[in-house]
Amino acid sequence: MNPGGLPLRRGLISIKDLTKEQIEAVLSESAKMLNACQCGADVNYLDNKIMATLFFEPSTRTRLSFESAMQRLGGGVIGFADPSSSSSMKGESLADTVRIVSSYSDIIVLRHPMEGAASEASASSLVPVINAGDGTGEHPTQALLDLFTIKMEKGRLGKLKVAVVGDLKNGRTVHSLAYALALFGNQILFIAPKKLQVPDEVLSGLSRRYSGMVEKSESLESALDADVIYMTRMQKERFASPDEYGLFANYYSINRKFLSRANDEVILMHPLPRVGEISPEVDGMKNSVYFKQAAYGVPVRMAILNMIIGQQSGIV
Ligand code: CP
(Lines give C-alpha, C1' and ligand atoms only; values in the text may rest on other atoms or scores of the structure.)
Protein backbone atom coordinates (compact mmCIF):
# COMPACT_ATOMS: atom_id res chain seq x y z
CA MET A 1 0.00 0.00 0.00
CA ASN A 2 1.06 3.54 -0.59
CA PRO A 3 1.87 5.09 2.81
CA GLY A 4 -0.93 7.25 4.09
CA GLY A 5 -3.31 6.31 1.26
CA LEU A 6 -3.34 9.93 0.24
CA PRO A 7 -5.38 11.90 -2.25
CA LEU A 8 -1.83 12.92 -3.12
CA ARG A 9 -2.29 10.23 -5.79
CA ARG A 10 -3.96 12.98 -7.83
CA GLY A 11 -1.05 15.35 -7.26
CA LEU A 12 -0.59 18.28 -4.91
CA ILE A 13 -2.08 21.63 -5.90
CA SER A 14 -2.93 23.30 -2.57
CA ILE A 15 -1.97 22.66 1.03
CA LYS A 16 -5.69 23.06 1.76
CA ASP A 17 -6.30 19.73 0.00
CA LEU A 18 -4.51 17.87 2.81
CA THR A 19 -5.87 16.93 6.23
CA LYS A 20 -3.79 17.13 9.38
CA GLU A 21 -3.40 13.34 9.33
CA GLN A 22 -2.22 13.40 5.73
CA ILE A 23 0.35 16.10 6.48
CA GLU A 24 1.54 14.07 9.47
CA ALA A 25 1.92 11.06 7.15
CA VAL A 26 4.07 13.14 4.75
CA LEU A 27 6.27 14.32 7.63
CA SER A 28 6.63 10.80 8.96
CA GLU A 29 7.67 9.50 5.53
CA SER A 30 10.05 12.47 5.19
CA ALA A 31 11.79 11.49 8.43
CA LYS A 32 12.20 7.96 7.10
CA MET A 33 13.60 9.27 3.83
CA LEU A 34 16.05 11.49 5.72
CA ASN A 35 17.17 8.56 7.80
CA ALA A 36 17.48 6.29 4.76
CA CYS A 37 19.63 8.87 2.97
CA GLN A 38 21.84 9.36 6.03
CA CYS A 39 22.30 5.58 6.37
CA GLY A 40 22.96 5.08 2.67
CA ALA A 41 19.97 2.72 2.43
CA ASP A 42 18.67 1.58 -0.94
CA VAL A 43 15.67 3.75 -1.80
CA ASN A 44 15.29 3.02 -5.50
CA TYR A 45 11.50 3.02 -5.23
CA LEU A 46 10.93 4.99 -8.42
CA ASP A 47 13.51 3.36 -10.66
CA ASN A 48 11.04 2.94 -13.50
CA LYS A 49 9.47 6.40 -13.23
CA ILE A 50 10.11 9.72 -14.96
CA MET A 51 9.49 13.17 -13.43
CA ALA A 52 9.06 16.21 -15.67
CA THR A 53 10.00 19.61 -14.23
CA LEU A 54 8.32 22.45 -16.13
CA PHE A 55 9.63 25.71 -14.71
CA PHE A 56 8.23 28.87 -16.28
CA GLU A 57 9.78 30.97 -13.48
CA PRO A 58 13.31 30.93 -11.99
CA SER A 59 14.15 28.50 -9.19
CA THR A 60 17.20 27.09 -7.47
CA ARG A 61 15.91 25.13 -4.47
CA THR A 62 12.57 23.79 -5.63
CA ARG A 63 13.64 22.48 -9.02
CA LEU A 64 17.01 21.12 -7.97
CA SER A 65 15.75 19.51 -4.77
CA PHE A 66 12.92 17.84 -6.71
CA GLU A 67 15.45 16.60 -9.25
CA SER A 68 17.81 15.42 -6.52
CA ALA A 69 14.91 13.69 -4.76
CA MET A 70 13.82 11.88 -7.92
CA GLN A 71 17.36 10.78 -8.73
CA ARG A 72 17.92 9.54 -5.18
CA LEU A 73 14.77 7.44 -5.62
CA GLY A 74 16.25 5.96 -8.78
CA GLY A 75 13.96 7.78 -11.19
CA GLY A 76 14.66 9.80 -14.32
CA VAL A 77 14.18 13.52 -14.88
CA ILE A 78 13.16 15.49 -17.99
CA GLY A 79 12.02 19.08 -18.36
CA PHE A 80 13.08 22.67 -18.74
CA ALA A 81 14.26 25.42 -16.43
CA ASP A 82 14.08 28.07 -19.11
CA PRO A 83 10.69 28.37 -20.83
CA SER A 84 12.31 30.23 -23.73
CA SER A 85 13.75 26.86 -24.78
CA SER A 86 10.25 25.33 -24.94
CA SER A 87 7.51 25.59 -27.55
CA SER A 88 5.55 27.90 -25.26
CA MET A 89 7.67 30.52 -27.07
CA LYS A 90 5.85 29.54 -30.28
CA GLY A 91 2.53 30.18 -28.59
CA GLU A 92 1.69 26.70 -27.33
CA SER A 93 -0.82 26.84 -24.48
CA LEU A 94 -0.02 25.60 -20.99
CA ALA A 95 -2.79 23.02 -21.34
CA ASP A 96 -1.27 21.59 -24.53
CA THR A 97 2.27 21.62 -23.11
CA VAL A 98 1.13 19.74 -20.03
CA ARG A 99 -1.04 17.30 -22.03
CA ILE A 100 1.98 16.38 -24.18
CA VAL A 101 4.55 16.19 -21.38
CA SER A 102 2.18 14.05 -19.34
CA SER A 103 2.44 11.42 -22.09
CA TYR A 104 6.23 11.39 -21.62
CA SER A 105 6.34 11.21 -17.82
CA ASP A 106 4.76 9.80 -14.66
CA ILE A 107 4.52 13.05 -12.73
CA ILE A 108 4.81 16.76 -13.54
CA VAL A 109 6.28 19.42 -11.25
CA LEU A 110 5.13 22.84 -12.45
CA ARG A 111 6.17 26.37 -11.55
CA HIS A 112 4.32 29.13 -13.35
CA PRO A 113 3.76 32.89 -12.90
CA MET A 114 -0.05 32.60 -13.10
CA GLU A 115 -2.05 31.89 -9.95
CA GLY A 116 -4.17 28.82 -10.61
CA ALA A 117 -1.80 27.46 -13.28
CA ALA A 118 -1.19 24.17 -11.45
CA SER A 119 -4.89 23.56 -11.07
CA GLU A 120 -5.44 24.33 -14.75
CA ALA A 121 -2.53 22.07 -15.71
CA SER A 122 -3.90 19.26 -13.61
CA ALA A 123 -7.13 19.31 -15.65
CA SER A 124 -5.26 18.60 -18.89
CA SER A 125 -2.65 16.20 -17.48
CA LEU A 126 -2.71 12.42 -17.75
CA VAL A 127 -0.44 12.17 -14.69
CA PRO A 128 -0.35 13.82 -11.23
CA VAL A 129 0.77 17.46 -11.09
CA ILE A 130 2.67 19.04 -8.20
CA ASN A 131 2.33 22.80 -7.73
CA ALA A 132 5.89 24.13 -7.32
CA GLY A 133 4.63 27.72 -7.08
CA ASP A 134 1.80 29.39 -9.01
CA GLY A 135 2.31 33.13 -9.13
CA THR A 136 1.24 34.72 -5.85
CA GLY A 137 -0.93 31.69 -5.10
CA GLU A 138 0.61 28.78 -3.24
CA HIS A 139 3.75 26.69 -2.80
CA PRO A 140 2.50 23.61 -0.92
CA THR A 141 5.69 21.52 -0.95
CA GLN A 142 7.55 24.47 0.59
CA ALA A 143 4.97 24.52 3.39
CA LEU A 144 5.52 20.80 4.00
CA LEU A 145 9.28 21.21 4.25
CA ASP A 146 8.74 24.24 6.49
CA LEU A 147 6.59 22.15 8.83
CA PHE A 148 9.17 19.37 8.74
CA THR A 149 11.84 21.88 9.76
CA ILE A 150 9.72 23.21 12.63
CA LYS A 151 9.06 19.67 13.86
CA MET A 152 12.74 18.72 13.65
CA GLU A 153 13.95 21.91 15.33
CA LYS A 154 11.23 22.57 17.92
CA GLY A 155 10.18 18.97 18.55
CA ARG A 156 6.51 19.76 17.94
CA LEU A 157 4.19 21.38 15.41
CA GLY A 158 1.54 23.03 17.55
CA LYS A 159 1.15 25.67 20.28
CA LEU A 160 3.93 27.81 18.85
CA LYS A 161 3.94 31.53 18.22
CA VAL A 162 5.09 31.94 14.63
CA ALA A 163 5.95 35.41 13.29
CA VAL A 164 5.77 35.53 9.50
CA VAL A 165 7.56 38.59 8.17
CA GLY A 166 7.95 40.39 4.84
CA ASP A 167 5.96 40.63 1.62
CA LEU A 168 2.95 38.66 2.78
CA LYS A 169 0.77 39.93 -0.05
CA ASN A 170 2.85 38.42 -2.84
CA GLY A 171 4.75 35.66 -1.03
CA ARG A 172 3.17 32.35 -2.01
CA THR A 173 5.18 30.34 0.53
CA VAL A 174 3.45 32.29 3.29
CA HIS A 175 -0.03 31.62 1.89
CA SER A 176 0.49 27.85 2.01
CA LEU A 177 2.34 27.93 5.33
CA ALA A 178 -0.36 29.99 7.06
CA TYR A 179 -3.01 27.33 6.43
CA ALA A 180 -0.68 24.56 7.59
CA LEU A 181 0.29 26.43 10.76
CA ALA A 182 -3.34 27.14 11.57
CA LEU A 183 -4.28 23.50 11.01
CA PHE A 184 -1.82 22.52 13.74
CA GLY A 185 -3.11 25.10 16.22
CA ASN A 186 -0.34 27.67 16.16
CA GLN A 187 -0.57 31.37 16.90
CA ILE A 188 0.32 33.32 13.75
CA LEU A 189 1.61 36.89 13.75
CA PHE A 190 1.73 38.45 10.29
CA ILE A 191 4.33 41.24 10.21
CA ALA A 192 4.33 43.36 7.04
CA PRO A 193 4.03 46.93 5.78
CA LYS A 194 0.31 47.77 5.53
CA LYS A 195 0.37 47.61 1.72
CA LEU A 196 1.96 44.17 1.76
CA GLN A 197 -0.10 42.50 4.47
CA VAL A 198 -1.48 39.02 3.99
CA PRO A 199 -4.46 39.07 1.57
CA ASP A 200 -7.97 39.25 3.03
CA GLU A 201 -8.90 36.04 1.22
CA VAL A 202 -6.15 34.17 3.10
CA LEU A 203 -7.27 35.71 6.40
CA SER A 204 -10.91 34.87 5.77
CA GLY A 205 -9.93 31.35 4.69
CA LEU A 206 -8.08 30.97 8.00
CA SER A 207 -10.97 32.26 10.08
CA ARG A 208 -13.49 30.07 8.22
CA ARG A 209 -11.51 26.91 8.83
CA TYR A 210 -9.72 27.41 12.14
CA SER A 211 -10.26 29.03 15.52
CA GLY A 212 -6.58 29.77 16.26
CA MET A 213 -5.21 33.22 17.02
CA VAL A 214 -4.10 35.39 14.10
CA GLU A 215 -2.65 38.87 14.59
CA LYS A 216 -1.22 41.56 12.32
CA SER A 217 1.60 43.99 13.00
CA GLU A 218 3.93 46.28 11.11
CA SER A 219 6.75 46.11 13.63
CA LEU A 220 9.51 43.51 13.70
CA GLU A 221 9.75 44.19 17.47
CA SER A 222 6.55 42.18 17.94
CA ALA A 223 8.46 39.07 16.82
CA LEU A 224 10.87 39.22 19.77
CA ASP A 225 8.96 36.67 21.87
CA ALA A 226 8.11 34.35 18.97
CA ASP A 227 9.10 30.67 18.90
CA VAL A 228 9.64 30.83 15.14
CA ILE A 229 10.50 33.82 12.96
CA TYR A 230 9.82 33.10 9.29
CA MET A 231 11.39 35.81 7.17
CA THR A 232 10.53 36.31 3.50
CA ARG A 233 11.94 38.59 0.82
CA MET A 234 10.14 41.47 -0.85
CA GLN A 235 8.98 39.86 -4.11
CA LYS A 236 10.67 42.27 -6.52
CA GLU A 237 9.19 40.58 -9.60
CA ARG A 238 5.60 41.17 -8.39
CA PHE A 239 5.90 44.95 -7.89
CA ALA A 240 4.43 47.34 -10.47
CA SER A 241 7.68 49.31 -10.81
CA PRO A 242 11.28 49.39 -9.52
CA ASP A 243 10.38 52.59 -7.65
CA GLU A 244 7.57 50.89 -5.77
CA TYR A 245 9.87 47.96 -4.91
CA GLY A 246 12.47 50.46 -3.71
CA LEU A 247 10.02 51.75 -1.08
CA PHE A 248 9.99 48.34 0.60
CA ALA A 249 13.30 46.69 -0.39
CA ASN A 250 15.03 47.15 2.97
CA TYR A 251 11.96 47.34 5.20
CA TYR A 252 12.97 44.52 7.55
CA SER A 253 16.36 43.11 8.38
CA ILE A 254 17.47 40.68 11.05
CA ASN A 255 20.99 41.02 12.39
CA ARG A 256 22.97 39.71 15.36
CA LYS A 257 21.82 42.59 17.58
CA PHE A 258 18.15 41.82 16.93
CA LEU A 259 18.56 38.07 17.49
CA SER A 260 20.40 38.64 20.75
CA ARG A 261 17.28 40.46 22.04
CA ALA A 262 14.88 37.76 20.79
CA ASN A 263 13.63 34.63 22.56
CA ASP A 264 16.79 32.58 23.13
CA GLU A 265 15.13 29.45 21.71
CA VAL A 266 13.65 31.12 18.62
CA ILE A 267 14.36 29.49 15.28
CA LEU A 268 14.96 31.76 12.31
CA MET A 269 13.60 30.40 9.05
CA HIS A 270 13.46 31.67 5.46
CA PRO A 271 12.31 29.87 2.28
CA LEU A 272 15.19 31.60 0.49
CA PRO A 273 16.49 33.26 -1.61
CA ARG A 274 17.27 36.08 0.82
CA VAL A 275 18.13 39.50 -0.51
CA GLY A 276 19.13 41.44 2.59
CA GLU A 277 16.42 40.62 5.13
CA ILE A 278 18.75 38.30 7.07
CA SER A 279 22.31 39.45 7.61
CA PRO A 280 24.95 36.76 6.88
CA GLU A 281 26.43 37.65 10.28
CA VAL A 282 23.72 35.48 11.92
CA ASP A 283 24.33 32.43 9.71
CA GLY A 284 26.42 30.72 12.39
CA MET A 285 24.04 31.41 15.28
CA LYS A 286 22.22 28.40 16.77
CA ASN A 287 18.89 30.03 15.95
CA SER A 288 19.51 30.18 12.20
CA VAL A 289 18.06 27.09 10.53
CA TYR A 290 17.36 28.32 6.98
CA PHE A 291 20.15 26.32 5.31
CA LYS A 292 19.00 23.17 7.11
CA GLN A 293 15.45 24.04 6.05
CA ALA A 294 16.53 24.18 2.39
CA ALA A 295 18.38 20.86 2.75
CA TYR A 296 15.22 19.20 4.14
CA GLY A 297 13.67 19.92 0.75
CA VAL A 298 15.22 16.72 -0.60
CA PRO A 299 13.85 14.13 1.90
CA VAL A 300 10.48 15.88 2.04
CA ARG A 301 10.18 15.87 -1.75
CA MET A 302 11.37 12.24 -1.85
CA ALA A 303 8.48 11.40 0.46
CA ILE A 304 6.00 13.40 -1.60
CA LEU A 305 7.08 11.82 -4.90
CA ASN A 306 6.99 8.33 -3.44
CA MET A 307 3.57 8.89 -1.87
CA ILE A 308 2.18 10.04 -5.18
CA ILE A 309 3.68 7.60 -7.67
CA GLY A 310 5.48 4.93 -5.63
CA GLN A 311 4.13 1.43 -5.15
CA GLN A 312 5.48 0.95 -1.67
CA SER A 313 7.74 2.96 0.58
CA GLY A 314 9.33 -0.09 2.19
CA ILE A 315 11.03 2.20 4.69
CA VAL A 316 10.73 1.07 8.28
N1 CP B 1 12.06 28.48 -1.72
C2 CP B 1 12.00 28.47 -3.07
O3 CP B 1 10.92 28.27 -3.67
O4 CP B 1 13.18 28.72 -3.69
P5 CP B 1 13.42 28.72 -5.24
O6 CP B 1 12.63 29.88 -5.84
O7 CP B 1 14.89 28.86 -5.43
O8 CP B 1 12.88 27.43 -5.81
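Just the heavy atoms: all of them, side chains too, but no hydrogens, waters or symmetry mates, feed the values below. Since this is a predicted model, take the numbers as computed values, not measurements. Numbers here simply count residues along the sequence, with the first being 1. Counting convention: from 1, in listed order, for ligands and their atoms alike.
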- Message: Which protein residues come within less than 4.0 angstrom of ligand 1, counting heavy atoms only?
- Response: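 Residues S59, T60, R61, T62, R111, H139, Q142, P271, L272 each place a heavy atom under 4.0 Å from ligand 1, listed by chain and number.
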- Item | Counterpart residues, ring pair (Phe, Tyr, Trp, His ring centres under 6.0 Å), relative to Y104 (two or more places apart) |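 Listed in chain order: nothing, the list is empty.
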- Query: With sequence neighbours excluded, what pairs up with F56 under the ring pair (Phe, Tyr, Trp, His ring centres under 6.0 Å) test?
  - Reply: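 Residues passing ring pair (Phe, Tyr, Trp, His ring centres under 6.0 Å) with F56: F80, H112.
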- Message: Against D227, only a single residue in E153, K154, E265 fulfils side chain to side chain contact (heavy atoms under 4.5 Å, CB included); can you say which?
- Response: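 Among E153, K154, E265, the one that satisfies the side chain to side chain contact (heavy atoms under 4.5 Å, CB included) with D227 is K154.
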- Query: Pick from I107, V101, I108: which one makes a side chain to side chain contact (heavy atoms under 4.5 Å, CB included) with S125?
  - Reply: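 With S125 as partner, I107, V101, I108 yield a single side chain to side chain contact (heavy atoms under 4.5 Å, CB included), made by I108.
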Under 3.5 Å, which donor-acceptor pairs do the side chains of residues 139-146 form with other protein atoms, sequence neighbours left out?
{"residue": "H139", "atom": "NE2", "partner": "T62", "partner atom": "OG1", "Å": "3.3"}
{"residue": "H139", "atom": "NE2", "partner": "R111", "partner atom": "NH2", "Å": "3.2"}
{"residue": "T141", "atom": "OG1", "partner": "R301", "partner atom": "NE", "Å": "3.3"}
{"residue": "T141", "atom": "OG1", "partner": "R301", "partner atom": "NH2", "Å": "3.0"}
{"residue": "Q142", "atom": "NE2", "partner": "D146", "partner atom": "OD1", "Å": "2.8"}
{"residue": "D146", "atom": "OD1", "partner": "Q293", "partner atom": "NE2", "Å": "2.8"}
{"residue": "D146", "atom": "OD2", "partner": "Y230", "partner atom": "OH", "Å": "2.6"}

- Item | Closest contact, heavy atoms only, E57 versus R172 |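 Smallest interatomic distance, heavy atoms only, reads OE1-NH1, 2.9 Å.
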